[in-house]
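Since the structure comes first, as structure tokens, the remarks are kept for the end.
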Amino acid sequence: MKTLKPYLLATAIAATAAIYAPSTEACSRVFYQGADSLFVIGRSLDWKTPIPTNIYVYPRGMQKVSSDQPNHISWTSRYGSVYAVSYDGGITEGMNEEGLVVNGLFCKGTVYNDDNASAKPQMSLSVFVAWMLDQCATTDQVVSLLESTRFAVQGATFDGGTVSALHWGVTDKSGKSVIFEFDKGKINIYDMGDYRAMTNDPNWPQMTAIINYWNKIGGQNMLPGTVASPDRCVRANYFAHHVKKADDVNLAVSICRSVLINSSVPYTYEIQDQPELSSTQWRTYSVPCNLRYYFEIVTNPGYYYIDLHKVNLRKGAPVMKLDTSKTTDLVGDATNRLRPSAPFTPMY
């Protein structure tokens, strides 16, 4: 019977992966560790149809609110940030001038609120990422902010009523990373430790069990190859551990990009009788050590970056915007293509 145990366990793991295989949403996040303090955080955004996403840069000193409801949270931004804003109405992710990076990924198991949600200050998902980036310089500060603030999540739908069930990855300039997930009003926060990838479902404790199983098999022998969330996470985690630690930023971004592409879903991927399948729409690469934020639309011939060192982030400076629909020719430094803009209108 001893010889059957690995096969029985493999069957159980495969069944788990099948249960959590995403039918619509699929996103991946990769943490690449280069030499010394060089880190790159890559992520893919996957959906069944294109998600128009523009790049905004907000300065310090802006007053903001968490909701259009009377019971909300107010704050003034301490740090300037670059945001990826989808539908010009909600922030998907971003990086601030302190090198803090926050990315939101789909997680179907998310249940945001408990029965007392209506009595709490409301936090719209459209500005949730800004709330963290505007006020925090480190991962520890994000954790402290989440643990010390009472709020309920508002605006959990998009694209005509799709439930925007998310969990988040947070990384600062030191490389410290956490994942946090909502569970009926409770926020579960997990130190990523030496794990270097996250995707969607299952929740993080179950995902780490799957990664640990495949680590014992050894990726040089076999890796799961489907587009299911656990398979993508296992592949990304394995390759992120088995690439060279570059000391050159451009090479580091290229390496992270190659790992992320390996765990992305091919554009226009389809299977008969499954019209809701998602494929990768765009990817980003955040580099905390030099404050470059790279953006890559998969149908464009190249990718480009915003350099926060070159943007006026002082209080009173204008909001800047790069309309990605008008930049299909861009490659390299696109900071000078930012234009003054009104702030985006949150989809509360």
Side-chain angles (χ1 to χ4, degrees), residues 56-107 110-158 163-172 176 178-190 313-319 341-348:
Y56 284 79
V57 178
Y58 274 48
R60 310 173 205 119
M62 294 187 68
Q63 295 182 350
K64 302 181 184 181
V65 295
S66 64
S67 169
D68 58 350
Q69 299 300 307
N71 191 9
H72 61 250
I73 297 169
S74 302
W75 73 94
T76 300
S77 57
R78 299 191 188 110
Y79 308 109
S81 300
V82 55
Y83 307 135
V85 182
S86 294
Y87 302 104
D88 264 353
I91 301 172
T92 304
E93 62 165 35
M95 177 175 66
N96 70 17
E97 62 181 301
E98 293 295 317
L100 180 70
V101 180
V102 179
N103 313 91
L105 280 69
F106 280 100
C107 183
T110 295
V111 179
Y112 290 115
N113 298 319
D114 58 19
D115 293 337
N116 298 318
S118 61
K120 300 176 184 178
Q122 299 297 298
M123 173 65 69
S124 171
L125 288 178
S126 64
V127 296
F128 183 44
V129 170
W131 178 67
M132 293 177 280
L133 290 176
D134 289 356
Q135 302 181 90
C136 301
T138 67
T139 298
D140 286 341
Q141 289 178 10
V142 172
V143 171
S144 178
L145 183 66
L146 290 170
E147 292 179 337
S148 64
T149 309
R150 182 172 172 266
F151 64 90
V153 174
Q154 172 200 350
T157 62
F158 78 104
V163 176
S164 187
L166 305 172
H167 60 172
W168 283 265
V170 180
T171 301
D172 63 22
K176 183 167 185 178
V178 299
I179 291 172
F180 67 89
E181 301 175 333
F182 285 84
D183 182 16
K184 299 178 182 177
K186 180 182 178 182
I187 303 178
N188 298 317
I189 301 173
Y190 307 99
L313 300 176
R314 293 190 296 270
K315 180 179 178 180
V319 172
S341 170
F344 75 90
T345 302
M347 296 188 300
Y348 292 123

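Remember, predicted model here, so these are calculated numbers, not experimental data.
You'll find the side chain of D172 stays beyond 4.5 Å of the side chain of V142, heavy atoms only. At least one side-chain heavy atom of P343 sits less than 4.5 Å from a side-chain heavy atom of M62. L125 places a side-chain heavy atom less than 4.5 Å from the side chain of V153. A 4.5 Å side-chain heavy-atom check between Q154 and M123 finds every atom pair outside the cut-off. F344 places a side-chain heavy atom less than 4.5 Å from the side chain of Y58.
With hydrogens and angles ignored, the 3.5 Å screen pairs no side-chain donor or acceptor of N113 with any backbone N or O of A117. A donor-acceptor pair under 3.5 Å is formed between the side chain of T139 and the backbone N or O of K176.
Smallest separation of non-hydrogen atoms from T110 and A165: CB-CB, 3.9 Å. Annotation for V319 and A342: closest pair CG1-O, 4.3 Å, computed over non-hydrogen atoms. Closest approach of S77 to P59, counting heavy atoms only: OG-O, 3.4 Å. Between S66 and H72 the shortest heavy-atom distance is OG-CB, 3.5 Å. Scanning both residues, A119 and N71, for their nearest heavy atoms gives O-ND2, 3.6 Å. Summarising the geometry of S74 relative to V65, their closest heavy-atom pair is OG-CG1, 3.7 Å, with the distance given to 0.1 Å.
Residues in residues 125-137 take part in these side chain to side chain donor-acceptor pair (under 3.5 Å) pairs, two or more places apart or across chains: K64-D134, W75-D134, Y83-D134, S124-S126. Pairs of residues two or more places apart, or lying in two chains, that qualify as salt bridge (charged side-chain N to carboxylate O under 4.0 Å, His left out) and include a residue from residues 115-133 are D114-K120. Within the structure, the side chain to side chain donor-acceptor pair (under 3.5 Å) test picks out the following pairs touching residues 178-189 (sequence neighbours left out): H167-E181.
F182 meets the ring pair (Phe, Tyr, Trp, His ring centres under 6.0 Å) test with Y112, W168; sequence neighbours excluded.
Atoms OH and OG, from Y56 and S341 in turn, are 4.5 Å apart once rounded to the nearest 0.5 Å. Rounded to the nearest 0.5 angstrom, M132 CE and Q141 CD are separated by 13.5 Å. Between atom OG1 of residue T345 and atom CG of residue D88 there is a gap of 8.0 Å, rounded to the nearest 0.5 Å.
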Check: Going through the checks in order, is the side-chain contact (heavy atoms from CB on, under 4.5 Å) test met by C107 and L105?
Finding: CA-CA 6 Å; C107 183; L105 280 69; over 6 Å; no

Per-pair distances, 0.1 Å, donor-acceptor, side chain in residues 91-100, under 3.5 Å, sequence neighbours excluded:
{"residue": "T92", "atom": "OG1", "partner": "S86", "partner atom": "OG", "Å": "2.9"}
{"residue": "E93", "atom": "OE1", "partner": "R43", "partner atom": "NH1", "Å": "2.8"}
{"residue": "E93", "atom": "OE1", "partner": "N103", "partner atom": "ND2", "Å": "2.6"}
{"residue": "E93", "atom": "OE1", "partner": "T284", "partner atom": "OG1", "Å": "3.4"}
{"residue": "E93", "atom": "OE2", "partner": "T284", "partner atom": "OG1", "Å": "2.6"}
{"residue": "E93", "atom": "OE2", "partner": "Y293", "partner atom": "OH", "Å": "2.4"}
{"residue": "N96", "atom": "OD1", "partner": "E98", "partner atom": "N", "Å": "2.9"}
{"residue": "N96", "atom": "OD1", "partner": "G99", "partner atom": "N", "Å": "3.3"}
{"residue": "N96", "atom": "OD1", "partner": "L100", "partner atom": "N", "Å": "3.1"}
{"residue": "N96", "atom": "ND2", "partner": "L133", "partner atom": "O", "Å": "2.8"}
{"residue": "N96", "atom": "ND2", "partner": "C136", "partner atom": "O", "Å": "2.8"}
{"residue": "E97", "atom": "OE1", "partner": "R60", "partner atom": "NE", "Å": "3.3"}
{"residue": "E97", "atom": "OE1", "partner": "R60", "partner atom": "NH2", "Å": "3.0"}
{"residue": "E97", "atom": "OE2", "partner": "R60", "partner atom": "NE", "Å": "2.7"}
{"residue": "E97", "atom": "OE2", "partner": "G80", "partner atom": "N", "Å": "2.6"}

Please tabulate, for the side chains in residues 144-151, all donor-acceptor contacts under 3.5 angstrom to protein atoms that are two or more places apart in sequence or on a different chain.
{"residue": "S148", "atom": "OG", "partner": "S144", "partner atom": "O", "Å": "2.8"}
{"residue": "S148", "atom": "OG", "partner": "L145", "partner atom": "O", "Å": "3.4"}
{"residue": "T149", "atom": "OG1", "partner": "L145", "partner atom": "O", "Å": "2.7"}

